[in-house]
Every structure is written in C-alpha cells, then in structure tokens.
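Along the sequence shown, residues are numbered consecutively beginning with 1.
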Amino acid sequence: MLTLETLKPPREGEAIRIADGRLQVPATPILPFIEGDGTGPDIWRASQRIFDAAVQKAYGGTRRIVWFEVYAGEKAHKEFGSWLPEDTLRAFQYYVVGIKGPLTTPVGGGFRSLNVSLRQLLDLYACVRPVRWFENVPSPVKYPERLNVVIFRENTEDIYAGLEHPSGSAEAQRLIDFVREAFGWKVRADAGVGLKPMSPFGSKRLVRKAINHAIQKNRKSVTLVHKGNIMKFTEGAFREWGYQVAREEFADKTITWDQCEREHGGKLPPGKILIQDTIADVTFQHLLIRPENFDIIATGNLNGDYLSDAAAAQVGGIGMAPGGNISDFHAIFEATHGTAPKYANQDKVNPGSLTLSGVMLLEYLGWPEAADLITRGLERTFKQKIMTYDLARLTDGAREVRTSEFATAVIENMAG
C-alpha cells in the first residue's frame, strides 16, 4: 500500500504490478509525471495532449492513462523545500512506470544532478536512447537517414557514480596519500580525485538488456563501445564481460566477427545478431561517417552520455532525442535536453524529445498501437514542414508554429 505525506494519489485508476517476471498493466494505469523546469511545463502540456489523443484513438476509450503529478526540481523546492521529495521517489517506486520533463542541474556546485539521483536511487541502470531522423528535420550531415541506432548506456557506475573529492580537501588528500603509499601511484597533491567503478554485475546486466532488445526488435548487431586500450581493467573489462554475456547466455542467437570470418566467410548468417566492439573515440568518428554500421550500442556511463548526444546532433539535436531510464521493471522516460529557461512559458520550443519519450513509454506498457499513431503523426507533421521556432529557423519553407499548435498538428496527422 502506498503511503504519501504530501501528495494525494488519484482516486481512479490502478497501479501497474510486477508478477510472474513481467509487467501487469491495467486498462487505466496510474503514471506519475514530473512536468520539469524551464520549458518543461510547455512541452509537457503539448505532449500530454498527444499521448491522451493517441490512446483514445487507438483503443476507443477502453484504455486510458491516469496522470499523477509528482515533484522534483524548482517546483518541488518551492512547494516542499526539497529538490527531490521522498514522496516522488515513493510514487515512482510504487507505480513502476513514469515520465518526466527536464530538470535544473547547476554546474560546478550546488546539489547533484536530480536525474542522476533518480537513476541511482531507483536503480534505473540502463539509459536507453533511440536515435532516428524524421524527414525535413534540419541536420548538419548529408545523409541523416542512415543513422538509426539505439544506445544502451550503463547508468549507475563509471565516473558518474559521484565518488569524488574536491581539490584541496582533507578527503582528497587522504585518498592521494593512500594510493601513493599502497600502490605507488603519483597524484598531484592539489588534484581533485575520484573513483571509476565498473563491475561485472553492472556491465553484464546492461549488455544483457541490450542483447534482449536486439532479439525482440530483430536488430542486426550489438556494438560494445569502450576505451579499453587505455583503461584496461574498467573499460577493457566492460568489453570482456559483454562478450562473456553473449557467449554464455545467447550463444544460439549471437555471433562475433571472428566467428563470421572463420565459419561463414565474413557474412552474417541469418537469424544471428553480430556482437562486435569498437574503441570509443573511433566510434565517435564512425557515427558521423559510417552510421549505418551501428544498430545497437552498449557502453559505459560517460561514453554513452556524449555518444548519444553526438548521435542526436545528426538528426535535429537533443530536442529530438527521447530517452528512458530502465531497470528490470521500473522505468522513467524523460526529455533528454536541458530546461532552456530563456524560453520558459513562451509556448515556443519543440516538444519532440518528451513526445518521443512518450512513444517509448507506450511501447513499454505494451500499447504499440498508440505509440505508432504518435510516430505517424510526427512523421506527417514534419513532412509538412510544420515546426516550432528552434527547427523552423533552420528549415527553408517551414511553417513556424507554437508548441501547442505543433501538438494539435500531430494529433490531426494521426488520422488516416
């Protein structure tokens, strides 16, 4: 039973349950949402209209999402004196699946990232970022349609674990003294220092989820991205653990390049998923010049962060990039961009990232018909060159509309 101190759950609807190793989704699931800071309220209002319209059209009223607002960021701090209230965590834990807009995070000081905190506290170990292009969306590359990749980024380890101490602190000095005495490592006395943990447990479950996704979606390859040529016992170990998962758990479904060349003349046999690996910096280059070589990427926290943003830049920017933070069952889908406070409350910016995150949410619920309607609506709207300010200013012949008007166009384009 859910007990909340400051929030009142909806009287209607039901909670999603986990039973027999799968989600049990009722016809009227209660889904917590955080509208977000800055432009968050604008893009949330537009996206929620799109979600509700798609569900209504797909299921004729037999299914409906019951939205439950919870709080984090500036609105939470103003209302409750906390940037991330315990009730918010309890709600996401209890209701299993939710969605959020962008949240404020300061650089260089203040509170830690709320996004990182949510991921770690709820053990949302996989950040899943599908990246694809929509016709007419402006791109800095000649062939953006060649990129269609899903990036699985490990969410809880690596240098984003936050195990660090600032330059000049007593804690940093103690760590510097310890590694010098214990291992002979030479670190400057005035350095800020941190740890980079990468474990077989964390790495394997991330790769396992990526391979399972490849199987479920009939994808052709999973690429393990790492910097193992330099960081051999963290990044290099990630590579080895990834191959181990493929070899020991998916031998009947996967094959390596070496096996392809040795046993099949360098050709991928039907029904097999290719498991390969590339160095992180080389991957960055190849995403630009040979994006068709990548299908699914599995990688660590830092590599996944910059690679997913770099990939998004090729298809219209992070404003067009959806994301989901997912555990074995729990999931929070989110807009992957910042809050853009300059444009707050102006009904001006592109809601695409949050809207496409809702597509991921609907697919996760097992409601693909509603998800497909939104994708169709977006495809037709962009094909008509109906765009918000941020994309319209870069597109010849575009019809610039407000955020709310863009949502209306997407809803109208779901039909037919």
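Side chain of Ser327 to backbone of Tyr125: no donor-acceptor contact under 3.5 angstrom is found. With Ser353 contributing its side chain and Met320 its backbone, the two residues share no donor-acceptor pair below 3.5 Å. Of the possible polar contacts, none joining the Lys385 side chain to the Phe382 backbone as a donor-acceptor pair under 3.5 Å is found. The main-chain N or O of Ile318 is never found under 3.5 Å from a side-chain atom of Asp309 such that the two would form a donor-acceptor pair. Looking at Arg153, its side chain does come within 3.5 Å of a backbone N or O of Asn301 through a donor-acceptor pair. For Trp133 (side chain) and Val137 (main-chain N/O), a donor-acceptor pair under 3.5 Å exists by modelled atom type. The closest donor-acceptor contact from the side chain of His330 to the backbone of Gln93 lies under 3.5 Å. Although no hydrogens or angles enter the test, the distance criterion places a donor-acceptor pair under 3.5 Å between the side chain of Ser139 and the main chain of Gln314. Formation of a donor-acceptor pair under 3.5 Å by the Thr88 side chain with backbone atoms of Tyr71 is found in this model. With hydrogens and angles disregarded, no donor-acceptor distance shorter than 3.5 Å links the side chain of Asp390 to the backbone of Val349.
A salt bridge (charged side-chain N to carboxylate O under 4.0 Å, His left out) with Arg208 is found for exactly one of Glu249, Glu154, Glu248, namely Glu249. Checking Ile273, Leu274, Asp295 one by one against Arg219, the side chain to side chain contact (heavy atoms under 4.5 Å, CB included) holds for a single residue, Asp295. None of Asp277, Thr278, Asp158, Val225 except one satisfies the side chain to side chain contact (heavy atoms under 4.5 Å, CB included) rule with Thr299; the exception is Val225.
What you find for Ala335 and Ser357 is that their closest heavy atoms are N-OG, 4.0 Å.
The 12-atom threshold is not exceeded at CG of Asp396, counting heavy atoms of other residues, nucleotides or ligands nearer than 6.0 Å.
At a cut-off of 3.5 Å, with distance as the only test, no side-chain donor of Asn155 or Tyr160 sits close to an acceptor on the other residue. When only modelled atom types and interatomic distance are considered, Thr6 and Asp87 share a side-chain donor-acceptor pair under 3.5 Å. Arg393 and Tyr389 are linked by a side-chain donor-acceptor pair at a separation below 3.5 angstrom, with hydrogens and angles left out of the test. Between the side chains of Gln276 and Thr223, a donor-acceptor pair is found at a separation under 3.5 Å. Asp347 and Ser404 form a side-chain donor-acceptor contact under 3.5 Å, judged by distance and modelled atom types alone. There is no side-chain donor-acceptor pair under 3.5 Å between Asp281 and Gln285.
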Report task. Just do the salt bridge (Lys or Arg N to Asp or Glu O under 4.0 Å) check on Arg174 and Asp177 with the steps written out, would you? Result -> CA-CA 5 Å; Arg174 286 176 61 190; Asp177 291 343; over 6 Å; no
Query raised in the report: Does the salt bridge (Lys or Arg N to Asp or Glu O under 4.0 Å) test come out yes or no for Arg132 and Glu379, once each step is laid out?
Result: CA-CA 11 Å; Arg132 58 151 291 186; Glu379 288 173 342; 3.2 Å; yes
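The list of side-chain hydrogen bond (donor to acceptor under 3.5 Å, both in side chains) pairs with a residue in residues 29-40, not counting sequence neighbours, reads Glu35-Lys75, Asp37-Thr104.
Taking Phe92 as the reference, nothing meets the ring-ring contact (aromatic ring centres under 6.0 Å, His included) condition, with sequence neighbours excluded. The ring-ring contact (aromatic ring centres under 6.0 Å, His included) test applied to Phe294 returns no partner, not counting sequence neighbours.
In this structure the side chain of Trp67 reaches within 4.5 angstrom of the side chain of Asp52, judged on heavy atoms.
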